[in-house]
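Just so it is clear, the model here is predicted, and its values are computed rather than measured.
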Amino acid sequence: MALLSVEKVTKRFGGLAALEDVSLSVRAGEIYGLIGPNGAGKTTLFNCMTGLYTATTGAVRLDGAPVQGLKPHQIVKLGFARTFQNIRLFANMTALENVMVGRHVRTRANVLGAVLRCAGTRAEEAAIRDRAHELMKYVGLAGKGRTLANHLAYGDQRRLEIARALATEPKLLALDEPVAGMNPAERVQMGELFRKLRDGGVTLLLIEHDVKLVMGLCDRVAVLDYGRKIAEGPAEEVRKNPAVIAAYLGGESA
C-alpha cells in the first residue's frame with residue numbers, strides 16, 4: 001500500500017480548473033519529486049493534500065486513511081507535515097522556540113496543567129526543549145537556538161522550517177521549493193540533508209524548480225502541466241519523456 005495516495009483530485013476556483021483528475025502515489029521510504037512549469041498546479045495540489053484547500057472532487061489518503069475534510073493540524077497529527085514556498089516562521093521567537101512549537105502537536109499537557117505548572121507539565125516541557133535541541137543539531141543549526149528566527153541567514157531559516165516540521169514526528173514530509181534562493185553549495189548541502197532524512201525513516205515529497213537536483217535526488221518524479229499529470233516514473237525515465245521535454249525541460253534534458 002502507498003503511504004500517500006492521491007486519487008483523481010480536481011480543484012476548481014470558479015470556472016478555472018487548477019487541477020484536473022490528478023492521481024499519484026508516494027511509497028514509504030522514497031523521495032518523490034513533483035515538478036512542472038509555473039502555474040502547473042503543484043502548490044495547489046500540496047494545499048489540497050494538507051488541508052489548506054478542499055478538493056472539488058477526488059480523494060487523498062495517508063496510510064489508507066482519508067484526509068479530505070480534515071483541518072491542517074489534524075493532518076499533521078496523522079503524520080503529514082509540510083514546509084511552505086514562502087518561509088512561515090514565527091519571526092520574533094527564537095529558533096529553539098519555533099521548533100518547540102512544532103513539537104506541541106505531540107504533547108499531552110492541557111490548559112490547566114500549563115497554568116498550574118504541575119510536575120508532569122514541567123517534565124514534558126523539558127523533554128520538548130531537549131528534543132528541539134536535538135533536531136536543530138540534526139539539521140545543522142546547533143548553537144543557534146537563542147537567535148531570533150528573523151535574524152538567521154536565509155538558508156538557516158529554511159533549515160529551521162524543516163526542523164519545526166520534524167518536531168511533529170512526520171511519516172511524510174512535503175517540501176515546497178526548499179532550495180529556492182540558495183546558492184549552489186547550499187543546494188548540495190540541502191540535498192545531503194534530504195537523503196539523511198530519508199535514510200532516517202522520513203518519506204519526502206518535494207516540489208522543486210531545480211531540475212538537476214530533482215533528477216539526481218528523487219526515486220520517482222511526477223510532472224504537472226496546466227493542472228494535469230503528464231508523466232510519472234523513475235527520474236531518468238521521466239527526463240526522456242517527450243511530453244515532459246516539450247512542456248518543461250526543453251533543452252535542459254539534452
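Counting only heavy atoms from C-beta outward, the side chains of Glu236 and Pro234 never approach each other to under 4.5 Å. No side-chain heavy atom of Lys42 sits under 4.5 Å from any side-chain heavy atom of Leu45. Counting heavy atoms from C-beta on, the side chains of Met215 and Ile35 come closer than 4.5 Å. In this structure, the side chains of Met100 and Glu125 come closer than 4.5 Å at one or more pairs of heavy atoms. Looking only at side-chain heavy atoms (C-beta outward), Leu89 and Arg164 come within less than 4.5 Å of each other. Taking 4.5 Å as the limit, some side-chain heavy atom of Leu70 sits within range of a side-chain heavy atom of Leu78.
Nearest heavy-atom pair across Arg187 and Leu213 is O-CD1, 4.2 Å. Across all their heavy atoms, Val60 and Cys48 have their closest contact at CG2-O, 4.4 Å. Nearest heavy atom pair, residue Thr168 against residue Ala81, reads OG1-CB, 3.6 Å. Nearest approach of Arg158 to Gln85, heavy atoms of both residues: NH2-O, 2.8 Å. Heavy atoms only, all atoms of each residue included: Ala222 and Tyr32 are closest at CB-OH, 3.1 Å. When all heavy atoms of Glu30 and Arg27 are compared, the pair lying nearest together is OE2-N, 2.7 Å.
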N/O donor to acceptor pairs below 3.5 angstrom from side-chain atoms of residues 51-59, sequence neighbours left out:
| unit_1 | atom_1 | unit_2 | atom_2 | d |
| --- | --- | --- | --- | --- |
| Thr56 | OG1 | Arg12 | N | 2.9 |

In a table with atom names and distances, give each donor-acceptor pair under 3.5 Å that connects a side chain of residues 188-201 to protein atoms at least two apart or in another chain.
| unit_1 | atom_1 | unit_2 | atom_2 | d |
| --- | --- | --- | --- | --- |
| Arg195 | NH2 | Gly216 | O | 3.3 |
| Lys196 | NZ | Tyr138 | O | 2.9 |
| Arg198 | NH1 | Asp219 | OD2 | 3.4 |

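Proximity of a side-chain donor or acceptor of Glu208 to a complementary backbone N or O of Asp210 within less than 3.5 Å is detected. Under a 3.5 Å cut-off, the side chain of Ser23 and the backbone N or O of Lys8 do form a donor-acceptor pair. In terms of modelled atom types and a separation under 3.5 Å, the side chain of Glu161 and the main chain of Arg88 share a donor-acceptor contact. A distance-only check finds a donor-acceptor pair linking the side chain of Thr10 to the backbone of Asp21 [under 3.5 Å]. Formation of a donor-acceptor pair under 3.5 Å by the Glu20 side chain with backbone atoms of Gly227 is not found in this model. Using a distance-only test at 3.5 Å, with no hydrogens or angles considered, a donor-acceptor pair links the side chain of Arg159 to the main chain of Val139. A side-chain donor-acceptor contact under 3.5 Å links Asn241 to the backbone of Ala243. No donor-acceptor distance shorter than 3.5 angstrom exists from the side chain of Thr94 to the backbone of Thr147, with no hydrogens or angles considered.
Atom NZ in Lys171 sits 4.0 Å away from atom CG in Asp63 (nearest 0.5 Å). The line from CG of Leu206 to SG of Cys218 is 5.0 Å long, rounded to the nearest 0.5 Å. Between the CG atom in Leu166 and the CG atom in Leu135 there is a gap of 6.0 Å [rounded to 0.5 Å]. Between Leu96 atom CG and Leu141 atom CG the span is 11.0 Å, to the nearest 0.5 Å. With values rounded to the nearest 0.5 angstrom, Thr83 atom OG1 is found 11.0 Å from Asn86 atom CG. A distance of 9.0 Å separates CG of Leu224 from NZ of Lys229, quoted to the nearest 0.5 Å.
Under a hydrophobic clustering in which Ile, Leu, Val, Met, Phe, Trp and Tyr are joined whenever their side-chain heavy atoms come within less than 4.5 Å, directly or via other members, Met136 and Val101 fall into different clusters. The hydrophobic clustering, which links ILVMFWY residues whose side-chain heavy atoms are closer than 4.5 Å, places Ile75 and Val9 together. No path of Ile, Leu, Val, Met, Phe, Trp and Tyr side chains, each step under 4.5 Å between heavy atoms, connects Leu148 with Met93, placing them in separate hydrophobic clusters. Transitive grouping of hydrophobic side chains (ILVMFWY, heavy atoms separated by less than 4.5 Å) brings Leu204 and Met182 into a common cluster. Under a hydrophobic clustering in which Ile, Leu, Val, Met, Phe, Trp and Tyr are joined whenever their side-chain heavy atoms come within less than 4.5 Å, directly or via other members, Leu205 and Phe84 fall into different clusters.
Open room surrounds CZ on Phe90; 12 or fewer heavy atoms of other groups in view lie less than 6.0 Å from it.
Scanning for salt bridge (Lys or Arg N to Asp or Glu O under 4.0 Å) contacts around Glu134 gives Arg131, with sequence neighbours left out. Partners of Glu237 by salt bridge (Lys or Arg N to Asp or Glu O under 4.0 Å), not counting sequence neighbours: none found. Not a single ring pair (Phe, Tyr, Trp, His ring centres under 6.0 Å) links Phe46 to another residue, sequence neighbours left out. For Asp225, the salt bridge (Lys or Arg N to Asp or Glu O under 4.0 Å) test picks out no residue, with sequence neighbours left out.
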Checklist entry - Could you walk me through whether Arg220 and Glu232 pass the salt bridge (Lys or Arg N to Asp or Glu O under 4.0 Å) check? => result CA-CA 7 Å; Arg220 291 188 302 132; Glu232 182 181 28; 3.7 Å; yes
Next on the checklist: Is there a side chain to side chain contact (heavy atoms under 4.5 Å, CB included) between Leu3 and Leu62? Walk through the geometry before answering.
Outcome noted: CA-CA 6 Å; Leu3 177 59; Leu62 183 69; 4.2 Å; yes
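For the pair Arg82 and Phe80, the cation-pi criterion (under 6.0 Å, within 45° of the ring axis) is not fulfilled.
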